[in-house]
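These notes concern the structure reproduced below.
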4 protein chains.
Amino acid sequence: MGLKERRKREKRERHAQIMAAARKVLFKHGMSMASIKRIAQAAELGVGTLYSYFGSKEDIFIALQEEGLEMLAREIQKIAEDTEDPLTRLRKIARAYLTFSETGKDYFDILNYFLSSPGTVFEHGLKQQIDKHASQVLNILVTAIDSGKQQGVFYTTHPRRHAVILWATLHGLIQFRKMEATLLPGEDFYRLYNQAVDNFIRNLTTKSKSHKL
Amino acid sequence: MGLKERRKREKRERHAQIMAAARKVLFKHGMSMASIKRIAQAAELGVGTLYSYFGSKEDIFIALQEEGLEMLAREIQKIAEDTEDPLTRLRKIARAYLTFSETGKDYFDILNYFLSSPGTVFEHGLKQQIDKHASQVLNILVTAIDSGKQQGVFYTTHPRRHAVILWATLHGLIQFRKMEATLLPGEDFYRLYNQAVDNFIRNLTTKSKSHKL
Amino acid sequence: MGLKERRKREKRERHAQIMAAARKVLFKHGMSMASIKRIAQAAELGVGTLYSYFGSKEDIFIALQEEGLEMLAREIQKIAEDTEDPLTRLRKIARAYLTFSETGKDYFDILNYFLSSPGTVFEHGLKQQIDKHASQVLNILVTAIDSGKQQGVFYTTHPRRHAVILWATLHGLIQFRKMEATLLPGEDFYRLYNQAVDNFIRNLTTKSKSHKL
Amino acid sequence: MGLKERRKREKRERHAQIMAAARKVLFKHGMSMASIKRIAQAAELGVGTLYSYFGSKEDIFIALQEEGLEMLAREIQKIAEDTEDPLTRLRKIARAYLTFSETGKDYFDILNYFLSSPGTVFEHGLKQQIDKHASQVLNILVTAIDSGKQQGVFYTTHPRRHAVILWATLHGLIQFRKMEATLLPGEDFYRLYNQAVDNFIRNLTTKSKSHKL
DNA sequence: TATGAATGAGGTTTCATTCAT
DNA sequence: CATGAATGAAACCTCATTCAT
């Protein structure tokens, strides 16, 4: 019995060890340079060992992506809990997403990698796993909006829809950041980003939109 | 004289032939599978021939991307010209972008490829060429907003900023479409997309936002 | 324990196997035709395998060259040790170099490859390794001259300088051998070679040269 | 008749034009970078045109090599004619060869290329053509020695043999120059080179060597 | 005769994956 | 279960040479 337990524990440990190595390599050398061999070396394990824990290189990336989304979820969850005012909450969350894209740049790259991969392929349940985590993140946004609605600050009949729009907007902006110099010469990106959030909030705080839809 | 002319024409034709092949391969197998060899085969040309028309694989993608952005620009430009009402114009443009992402999916993928590629690298000159075309697209949006402002329908002191936000929002939404089933189960994507546009317009048509900034 | 040992042995064997294949290919097809692919085929190994033993194609050549120079050093060292008379010793060493150029023709070619390669490039570390071996060979010559000096047979204040001149002369002659038929029609190359050695010795055995310098 | 003449002249002109371009490319980019295309561009001619004047790329190199040897021959011939004293003459010639290896480095590289090429292959009369020019150079050395003999300054029964030895020595030294730093650290190459020439001259100026042979 | 577009074999190198130990 | 040597396909790119015009 104790043996089985130990086995299980060791397995978890190895798993974590590999993930840590993958993360390290990813952040140090970037996605394209993150080869299995390099990760194995960083993990101080044989490549074969990696393959007994992960079915393929892609699997490792998927795991990393989940990790990234989990981390993101945790961060904005904490913010959501710590902030009273719905408006401030939303602003802080948006800000956190931007920060995440900066400090966790590589997690962000992986997310994009998957979002950019061909078609809706993704085979099997892998996609679902990823989506699940994305859903988690989204839910925090939804809750944030919902609670604002409850408090009579936000007006919307489709909180989830708005949540998706917000996230998409922020995500899109961060992606476009690469073209910042050309698209918005002389402008501060943060100002632009905040403007987008403000616009969004203004929409939520304004009544009687239903007749428009 | 005739010979030179023919040479030139043939050169143009080969160029188009290669671009078509690249497009085809890209569409069929996706970005990561689009190797020079495969493109050459699709074009029924030798590998070397491709290299006498394009300096590198990346160059082909850049050309495709320019092509895509040009096509997009042309399409929405036409819409912009053909539509009187600023609101309708914006809606139609947004709609066109969605259509573009559907029918010109490969072009969209390439855009993402460049937006997702590491860092702000791009070797400068190339980046500028791409950005130039992106700028072109953006300018149409700016003009659309500006003209609405002129007509007293839109209120904004930063048309360009708003244009970027709109484009980013639409782009982000289309990217997130892949997670549609999970993020918005049972919802129609078009409705979501339209909602985003409506929100945006509502912002523009509402006065006195300046005190918010 | 035994496993590790075997692994090590196998690794050495593969290394030797690759070197042997490289030598074979080199000898059979010449330097310019010695591609990695061909060497891999000759070694009956995958291309990738070669790259896990050698960092690059050049590395293989460097290894071969070191091998060659080591072999040469060993051979003339043995002669130097086995021969008492300084004059005979020098003659035998010279003779051995000629033999080396004949039996180890490929090694000789590689040496020329490096001596003929562009500039003083060589990426530093590698160059030093090669030079080290060349130095080893030279030192034997120096010692041979030095000991002759000690015995009062040779007169020179710059043994090293003379050693270099001797080696360069022999090397140059062997290179020119290709033009033998034209440059020295009807002459025996060996006679020419010996003459050069004799000239050299005559210089060393003659006193009072210092006033010339 | 006049037409034929013109044709011939034009042909010679084209030939020179190509050679000039090849020389230019060679000296600017070095041997390995001297592709047919580049040469053709430099000559402002089509690649096909080059092939109607030269059978292959190698042929161009052969021509260049002849050119180099011719130039060398001319230079040392002039020196030989302009100098009275046999000793000075030899020294000046040696010096000229060193200078040639420095200023005409690429000619020198080509010479080595051919001297290093596999076996004594060289097929057909190409080899002979090259050898002929080499012979020309050698003859100047032979004459220089011979005339010294006539003047009673040099003593030798085999002027040609000595000439070859001299050339080989100088050539070998120049090749070894690449290993200068290791082989002769802290020594001036010119001193070494001059020493070799002095040694050679000392041999020639000393009588009664015949009993040694 | 001059052209230069087209070729495609060849070059080196990387890397995900397998499998015998 | 852990290992890492071996694999070999695939990647991008170059370039001497040919040949239809």
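Chain identifiers are assigned alphabetically (A, B, ...) following the order of the sequence lines, protein sequences preceding nucleic acid strands; residue numbering begins at 1 within each chain. All values below come from the heavy atoms of this structure, side chains included, with hydrogens, waters and symmetry mates left out.
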Cationic N near anionic O, under 4.0 Å, C:E13 to C:R9: yes
Considering only NZ, NE, NH1 and NH2 on the basic side and carboxylate oxygens on the acidic side, decide whether C:R14 and C:E10 come within less than 4.0 Å. no
Need one value for D:K11: base, sugar-phosphate or nothing, where a base atom within 4.0 Å counts as base even if backbone is also close, heavy atoms only. nothing
In whole Å, I'd like the distance from the NE2 atom of A:H29 to the C1' atom of E:dC15. 16 Å
Classify A:I36 by what it touches in the nucleic acid, base, sugar-phosphate, or nothing, heavy-atom distance under 4.0 Å. base
Taken to the nearest whole Å, CG/C:L50 to C1'/E:dG11 is 14 Å
Rounding to a whole Å, what distance do you find between D:K37:NZ and E:dT7:P? 14 Å
Watson-Crick or G-U wobble mate for F:dA20, both contacts under 3.5 Å: E:dT3
What contact category does D:S52 fall into here, base, sugar-phosphate, or nothing, at under 4.0 angstrom with non-hydrogen atoms? sugar-phosphate
When we call it a touch if two heavy atoms are under 4.0 Å apart, what does D:R14 touch: a base, just sugar-phosphate, or nothing? sugar-phosphate
Protein-nucleotide distance (D:M31, atom CE; F:dC15, atom C1'), rounded to Å: 15 Å
Under 4.0 angstrom, heavy atoms only, what part of the nucleic acid is C:T49 near: base, sugar-phosphate, or nothing? base
Atom-to-atom span, OH of D:Y51 to C1' of E:dT1 - whole angstrom: 18 Å
Whole Å only: how far is the CD1 atom of A:I39 from the P atom of E:dC15? 11 Å
Pair D:F114 + D:F61: ring centers closer than 6.0 Å: no
Just checking D:F54: base, sugar-phosphate only, or nothing, at a heavy-atom cut-off of under 4.0 Å? nothing
Within a strict 4.5 Å, meaning less than it, do heavy atoms of the C:E67 and C:R23 side chains meet? yes
Report the nucleotide, chosen from E:dG11, F:dC12, F:dA11, that has the shortest atom-to-atom distance to any side-chain atom of B:K57. F:dC12
Where the side chain of A:S35 is defined as all heavy atoms beyond and including C-beta, which of F:dC13, E:dA16, E:dT14 is the nearest nucleotide? E:dA16
